[in-house]
Amino acid sequence: MKKIINILSILTLFLMVGCQEDEKSFGDINAPTNLQVTADIVGKTTDLPFGDGTGVVKFTATADNAISYKYVFSDGTSANAPSGIYDKRFTQNGINTYTVTVIASGAGGIATNTTLEVEVKSDFVDAEAVQFLTGGTHKNWYWAASEPGHLGVGQNDSDATKNYYANYYQAAPFEKAGSPNSSCLYENVMTFSIDGTQLKFELDNGGHTFFNTAFQSVVGGTAGEDFCYNYNTAGLKTVSMSPSESVVAANNIAGQTRGTMLNFSDGGFMGYYIGQSSYEILSITENRMVVRAVMGGNPALAWYHIFTTIQPTQDATDYTNLVWSDEFNTDGAPDSSKWGYNLGAGGWGNGELQNYTNSPTNVSVQGGNLKITAKAQTLGGSNYTSARLISENKFEFTYGKIEFRAKLPTGGGTWPALWLLGQNYATNTWPACGEIDVMEHKGNVPNVIHGTLHYPGHSGGNGNANTTTTTNASTEFHIYKAIWSPSSIRFYVDNVLFHSVLNSGTLPFNSDFFLIMNVAMGGTFGGVIDPLFIQSSMEVDYVRVYQ
C-alpha cells in the first residue's frame, strides 16, 4: 500500500516565458509559479492513518501570479476553487488512492499544473439506493408529472422546528405541458447505470432543457418566465454519493431525508436547470424518488423533484380498435382504394426541388414494403423525382393512434415525412387547417427525429416541435407513432414519448385529417442536397390507425 500523503511537499514549477512586449489587455502575462498544494485528511491519526472514514480531504493550493485554481480528481469529478481552498469528500467505499491534478491559472489563461495522490478511507455507502436507482444494471426515470408537486420550491433555512417541503410552490399535474415554452420538461429520460462499481447518469431531453429564469444567461436568454432552450446534455456523468449535510439532515424531523447526496460530475443535473449538480435524496423506492436541491446562487430556496420509473401519460386515452391499415402485402402499385397522389413540382411552399410522380420508379410495393424513392432525375424542370401519397377523400378521421413502421432514406438533402393534414385546407388555409408531423427527418442530420404541430402562430420553422435521437434510422425499421385525442397530441418513437402538447377547442386538431407519406428533396427543411446523391428510398412496412 502506498504511503499516505497527508501534507504534500512543496512543488515548485518554473515556466520560462520568452521576451515579448507587454500584452496591453491583461498587463504582464506570466505563468503561475511556485505552485504549492497541501492535502489534509480529516481525522487522520496514528491509529487512523487514512482518516476518520468521512472521506473528506481539505486541499489548499497557492501560487505566485495565480488568479484561480481548478481541481481534477480521478473519481471523475472536478471543481473550480478561485481561492485555492477546496474540501473534497471521496465516496468510494473502503481505502482508495486517488490522483489529484491541480491547475493554477494566471492572466490570459496561462496555466501551471501539478499532480499528487491521496489515500483515504470512506465508510459511506448506500447500496440500497444504488440498487433502486439502477435496478442492478440500468434504469430509466421520468418526471412524475401526474403527481401534484412533482416540481416545487420551498424554504431552506435553519429553523429546526420547520418541516421542509415545497411550501412556496407546487406544480399541478402536467402543469408544464401547457405551453411550448416549458413542455420539454416532461420529455426528459434520466438513466442511472452501473459501470463496474461506478454509478453513472445520462439525461436525454432531445437537446431541449427547461431553464429556471435566473439561469437563462447560461444560454444567452433574457430573464423572464422559465423557458425551454437548446442545450446539450449528452454524455455520461459520474455520480458520487455522500452523506447529506443539508439543513434537512441537520434538522431531521420525522425522517425527512434519507441522508444521501447524489453529486453529478461535469455540470450534470436532473432535468430542470437551477445551477446545481448535487441533490439530496429525501426518499426512494424501486419506482419512485423524491429529491431536493438548494438553488444555485440562492441558498434560501430549495427545489423539490419527484421522479418515477413508470412513464406517466398526460392523457390516459389510448386507442386499441384497428379501424384502417395498409400492410403493403401485394406487390405492384399502392392500393388505389386507399391512396392517391399529389403530382408535380413547384416547391410545395417550402422551396423543395423534386417533381412528384406516380411512376413505379418512384413508388411501388415490393416484398411487403411500400417504397418511395427519391432520384436524381430531370423531369419538368426539376432535377429530382419522388412521390407523395395521400389518403385524402379515401380515409379521413378525427382522433386516434397513428402508427407508421418505416426505414428512412439516406443522403444529404433528403426529407422524408409521415404526417397528417386537416382535410379542410382548401377553405381553411394552412396553417389554420392544422398539420400533425408524426415524423420528419433530415438526411443532413441523421437519426434525429422531429415531431411537430403546425397551427396559427406556429407555421414554418416556428412549429410546436421537439426532437429525439434514435439509432440506425436508415438501416433499421422503427415505429413512429402519434396518439391524438381531444385533450392532447403525443409523439413517440419506438413507444418512447418525446413530445406532448395539450389539445383544446381553440386549436384546429378537432376535425378530420388525412394521411400523407412523401420524400422531399432540399427545401427549407431538407437543406443542401449532396451533389453525389443518386437515389434513396423510404420503406414503410405498415400504416395503422386505431380508434
Side-chain angles (χ1 to χ4, degrees), residues 137-140 187 189 191 193 202-207 234-236 311 322 325-331 334 339 361-375 386-389 401-420 436-452 465-483 490-499 515-521 525-527 529-530 532-546:
T137 55
H138 66 277
K139 186 187 288 186
N140 292 341
E187 291 147 14
V189 181
T191 304
S193 59
E202 186 167 19
L203 169 62
D204 179 2
N205 62 6
L236 282 172
Q311 187 173 24
L322 183 64
S325 69
D326 196 337
E327 304 294 326
F328 305 112
N329 289 330
T330 303
D331 286 0
W339 301 105
T361 62
N362 293 120
V363 56
S364 64
V365 178
Q366 302 174 25
N369 297 322
L370 169 73
K371 293 188 176 182
I372 300 177
T373 303
K375 304 181 68 174
S386 186
R388 174 157 141 167
L389 279 69
K401 176 167 65 181
I402 307 98
E403 287 187 353
F404 300 89
R405 186 172 185 266
K407 183 167 60 176
L408 308 183
T410 60
T414 57
W415 174 6
L418 304 167
W419 53 297
L420 296 83
I436 302 172
D437 297 327
V438 179
M439 184 287 302
E440 290 181 288
H441 179 261
K442 299 180 182 182
N444 284 311
V445 190
N447 297 317
V448 176
I449 306 302
H450 298 250
T452 307
N466 200 11
T467 62
T468 188
T469 301
T470 189
T471 56
N472 304 318
S474 297
T475 58
E476 297 178 0
F477 285 91
H478 295 271
I479 297 174
Y480 304 100
K481 178 174 72 176
I483 299 180
R490 292 169 278 153
F491 297 80
Y492 301 79
V493 174
D494 294 330
N495 296 313
V496 176
L497 177 71
F498 74 98
H499 190 34
L515 302 165
I516 304 176
M517 300 184 291
N518 68 287
V519 178
M521 292 298 295
F525 187 87
I529 300 174
D530 183 347
L532 300 179
F533 177 83
I534 298 175
Q535 70 175 49
S536 188
S537 299
M538 175 170 68
E539 300 183 40
V540 182
D541 180 32
Y542 61 75
V543 183
R544 296 171 183 167
V545 177
Y546 300 81

> Is the backbone of G207 close enough, under 3.5 Å, to the side chain of N205 for a donor and an acceptor to pair up by distance?
Replying inline: yes
> Taking C-beta and beyond as the side chain, do S386 and T373 meet within less than 4.5 Å on heavy atoms?
Replying inline: no
> Checking S536 side chain against T410 main chain: does a donor-acceptor pair fall under 3.5 Å?
Replying inline: yes
> So do the side chains of N362 and K375 get within less than 4.5 Å of each other, counting heavy atoms only?
Replying inline: yes
> Within 45° of the six-membered ring axis of F525 and under 6.0 Å from that ring's centre, is NZ or CZ of K442 located there?
Replying inline: yes
> So how far is it from K407 NZ to H478 NE2, rounded to the nearest 0.5 Å?
Replying inline: 10.0 Å
> Can you tell me if T467 uses its side chain to pair, donor with acceptor, with the backbone of G206 under 3.5 Å?
Replying inline: yes
> What are the two closest heavy atoms between I449 and F498, and how far apart are they?
Replying inline: O-CE1, 3.9 Å
> Quick one: do the T191 and N140 side chains pair a donor with an acceptor below 3.5 Å?
Replying inline: yes
> Rounded to the nearest 0.5 Å, how far apart are CD1 of I529 and CE of M521?
Replying inline: 4.0 Å
> Taking all non-hydrogen atoms of both residues, which atom of A387 and which atom of I372 are closest, and how far apart?
Replying inline: O-CG2, 3.4 Å
> Between N447 (side chain) and A473 (backbone), is there a donor-acceptor pair under 3.5 Å?
Replying inline: yes
> With distance as the sole test, does D331 use its side chain to make a donor-acceptor pair with the main-chain N or O of G367 at under 3.5 Å?
Replying inline: yes
> Step by step, would you call T330 with V365 a side-chain contact (heavy atoms from CB on, under 4.5 Å)?
Replying inline: CA-CA 7 Å; T330 303; V365 178; 5.7 Å; no
> Can you check whether H499 reaches T452 side chain to side chain, under 4.5 Å on heavy atoms?
Replying inline: no
>> Using 0.5 Å steps for rounding, measure from the CG atom of D326 to the CH2 atom of W339.
In response: 6.5 Å
> Is there a side-chain contact between L497 and F491 (heavy atoms, below 4.5 Å)?
Replying inline: no
>> What's the separation between atom CZ in R388 and atom CE in M517, rounded to the nearest 0.5 Å?
In response: 12.0 Å
> Run the side-chain contact (heavy atoms from CB on, under 4.5 Å) check on F404 and M439 step by step: do they pass?
Replying inline: CA-CA 9 Å; F404 300 89; M439 184 287 302; over 6 Å; no
> Considering all heavy atoms of both residues, which atom of N444 and which atom of G527 are nearest to each other, and what is their separation?
Replying inline: ND2-C, 4.0 Å
> Step by step, would you call Y480 with V493 a side-chain contact (heavy atoms from CB on, under 4.5 Å)?
Replying inline: CA-CA 5 Å; Y480 304 100; V493 174; 3.9 Å; yes
> Hey, does I483 have a side-chain heavy atom less than 4.5 Å from the side chain of Y492?
Replying inline: yes
> Is any side-chain heavy atom of T468 less than 4.5 Å from a side-chain heavy atom of V496?
Replying inline: no
> Side chains of K481 and N495: is there a donor and an acceptor less than 3.5 Å apart?
Replying inline: yes
> Looking only at heavy atoms, what is the nearest atom pair of V540 and F328, with distance?
Replying inline: O-CD1, 3.5 Å
> For the side chain of H441 and the backbone of T414, is there at least one donor-acceptor N/O pair under 3.5 Å apart?
Replying inline: no
>> Let me confirm one number: the CE-CG distance from M538 to N518, rounded to the nearest 0.5 Å.
In response: 6.5 Å
> Looking at N369, D494, D541, which one forms a side chain to side chain donor-acceptor pair (under 3.5 Å) with R405?
Replying inline: D541
>> Are S325 and V543 packed together at the side-chain level, in the sense that at least one heavy-atom pair is separated by less than 4.5 angstrom?
In response: no
> Is the backbone N or O of G413 less than 3.5 Å from a side-chain atom of D530, with the two atoms forming a donor-acceptor pair by type?
Replying inline: no
> Do Q535 and T361 pass the side-chain contact (heavy atoms from CB on, under 4.5 Å) test, and can you show the C-alpha distance, the side-chain angles, and the key distance before you say yes or no?
Replying inline: CA-CA 11 Å; Q535 70 175 49; T361 62; over 6 Å; no
>> If you apply the rule side chain to side chain donor-acceptor pair (under 3.5 Å), what do you find for E539 with S537, and how did you get there?
In response: CA-CA 6 Å; E539 300 183 40; S537 299; 6.0 Å; no
> Side-chain contact, heavy-atom cut-off 4.5 Å: L322 with R544?
Replying inline: yes
>> Walk me through whether W415 and E440 qualify under side chain to side chain donor-acceptor pair (under 3.5 Å).
In response: CA-CA 7 Å; W415 174 6; E440 290 181 288; 3.0 Å; yes
>> Can you give me the closest heavy-atom contact between P409 and S474, atom names plus distance?
In response: O-OG, 3.0 Å
>> With rounding to the nearest 0.5 angstrom, report the CH2 to CG distance, W419 to D437.
In response: 7.0 Å
